[in-house]
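For ligands, and for the atoms within them, numbers begin at 1 and follow the listed sequence. By convention here, the first residue in the shown sequence is residue 1. Predicted, not measured: the structure shown is a model, and the values here were computed from it. Atoms considered below: every heavy atom in the structure, side chains included; atoms not considered: hydrogens, waters and symmetry mates.
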Amino acid sequence: MPRVAGPPEERIITLESRGPLTLWITGDQLSPANGALRDADPATTIVLLVESLGRGAERPYHKRRLVLIYAAMRGYAADLRARGFTVDYRAEADDDATGFAAHVRAHAPRGVRMMRQTTYGLDASLREIAASHGLPVEIVPHTNFLSTGEEFDALFARGQRRVTMETFYRKMRVKTGLLMEGREPAGGAWNFDHDNRKRVPKGTTFPPPYVPQPSAFVREAIALVERHFPHHPGRIGVWDLPVTRAEALAFADDFFAHRLDGFGPFEDAMLTGELRLNHSRLSAAINIGLLHPLELCERAELAYRSGTARLASVEGFIRQLIGWQEFIWQTYWRFMPEYRTRNTLGAHAPVPAHYLTGETDMFCQREALSHVLDYGWAHHIERLMILGNFGLLAGIEPQALTDWFWQMFVDGWDWVMVPNVIGMTLHADGGIVGTKPYAASANYIDSMSDYCSKCAYDPKKAVGEDACPYNALYWDFMARNERAFRANVRMAMPLRTWDAKPEEQRSAIRARAAHLRRALADGTRI
Ligand code: SF4
């Protein structure tokens with residue numbers, strides 16, 4: 001398949017200097033090594049940051065997501081000024097176009113340099129704004145990713161439709177040399193998942209959370225968000241995320257010192273009252289550029305080489321960054337914009353009302369949603385196997401659920417959520433990201449958490465008022481999509497189990513599922 005949207009063309013600005021060269025940096029590009037800054041002379045350039053209220057109002061974003069971005073932009077401007085750059089910070093601009101116009105009036109730049117945007121179509125929009133002022137634009141490659149589109153495309157040899165993450169990940173290990181012993185993987189294996197995926201034993205404790213003191217940037221951004229976006233969902237609560245490079249490094253220090261070694265064993269586990277377990281929660285800082293994936297991987301590897309972290313944990317951490325994250329990034333650019341519209345399983349249900357309130361009798365969802373509403377974050381298994389899995393089983397429309405994830409998570413961006421939700425979570429891409437749907441009944445949730453023992457529903461039952469909703473919806477999902485799954489050998493086992501159920505039981509399960517789907521559609525609490 002031809003690449004539909006690779007790196008935008010590069011155009012070198014050659015106009016004779018009159019005004020400064022504008023280095024236009026957006027809210028997810030707050031890297032000290034942003035490509036637009038490379039070789040920039042502070043004497044002849046000016047950095048532009050537009051704090052666009054219009055962008056914040058485009059969608060009902062979680063308040064914490066907005067606080068994060070606005071605070072981080074303000075912190076970044078201060079960091080650049082300390083490095084000697086002149087920064088034109090357009091605070092509380094109506095939108096990008098208004099902020100840019102005010103910048104042009106004030107500074108009469110001779111041209112614009114920007115780093116490539118991560119959202120499909122945004123390069124063209126910003127280029128158009130600059131062009132409307134007659135200004136040439138140079139777009140330079142993104143500096144926070146390790147793989148290239150060409151490398152990814154080369155894996156799709158001979159018209160191949162899909163490439164597994166595992167194939168891509170191994171290439172990335174070889175390319176970066178991370179956890180390699182010559183040509184072989186450290187420890188003799190590429191993957192140590194069998195050492196991970198453990199349930200948390202009773203009595204296990206986790207290190208206390210590291211909480212940076214909220215800076216003036218955070219306090220200003222909270223006031224701004226409460227002033228302009230009072231009706232947006234989510235709670236700001238106690239601020240506990242890094243918004244500057246220095247804070248992000250301190251946040252990472254805490255992870256490497258106290259959590260990395262124990263990360264692997266419990267990376268898929270869930271425990272009542274535990275937001276974080278040993279997860280790093282660095283994704284929000286990485287996705288806005290405060291931290292570079294490679295510096296984090298190198299630190300993780302150093303921990304393994306120096307004997308302070310076990311290999312299974314280090315490999316699991318590195319896999320998330322140079323495996324999943326890069327794979328998702330490349331999948332987005334290879335298949336957009338058509339990918340965003342995919343709905344292979346024909347799912348059309350709306351996002352349940354309780355995804356915005358947390359008011360449900362399903363204990364697992366109450367826990368996961370309290371994390372989302374209070375922190376704008378939940379770890380990957382709460383996302384995939386509690387909230388995403390429920391969306392898959394209940395037939396929620398892929399585009400609606402993608403938007404919900406994008407809006408409600410502090411690390412949510414289009415390139416992150418489109419392949420993760422449409423592909424991995426909902427299997428709506430026809431099997432590009434995953435070879436089979438991540439569908440699971442209460443069995444999985446019960447095995448990886450302590451939630452079911454506290455729930456009003458019975459995880460062992462599929463029918464009856466007190467039966468766990470996941471169970472009936474799981475079998476109904478198999479039945480509804482039977483034709484699509486028959487050809488997939490990885491779905492043979494659940495389909496055989498469904499086939500073996502007596503007809504009377506199958507009818508009762510489907511009736512219970514229909515009842516649940518109606519309740520979800522009309523907002524009745526379940
Ligand atoms: Fe979730 Fe079902 Fe377990 Fe309740 S019984 S916590 S709804 S999986």
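Closest heavy-atom contact between Glu367 and Thr272: OE1-CA, 3.6 Å. In terms of heavy atoms, Glu482 sits closest to Leu495 at CG-CD2, 4.1 Å. Summarising the geometry of Gly316 relative to Phe263, their closest heavy-atom pair is C-CE2, 3.9 Å, with the distance given to 0.1 Å.
For Tyr451, the ring-ring contact (aromatic ring centres under 6.0 Å, His included) partners two or more places apart in sequence, or in a different chain, are Phe363. Legend: residues meeting ring-ring contact (aromatic ring centres under 6.0 Å, His included) with Phe217, ordered by chain and number and at least two apart, are absent.
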Could you pull out all donor-acceptor pairs under 3.5 Å where a side-chain atom in residues 344-352 meets a protein atom, sequence neighbours excluded?
unit_1	atom_1	unit_2	atom_2	d
Thr344	OG1	Ala428	O	2.7
Thr344	OG1	Gly430	N	3.1

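Ordered by chain and number, Cys364 SG make up the set of protein N, O or S atoms under 2.8 Å of atom 1 (Fe) of ligand 1.
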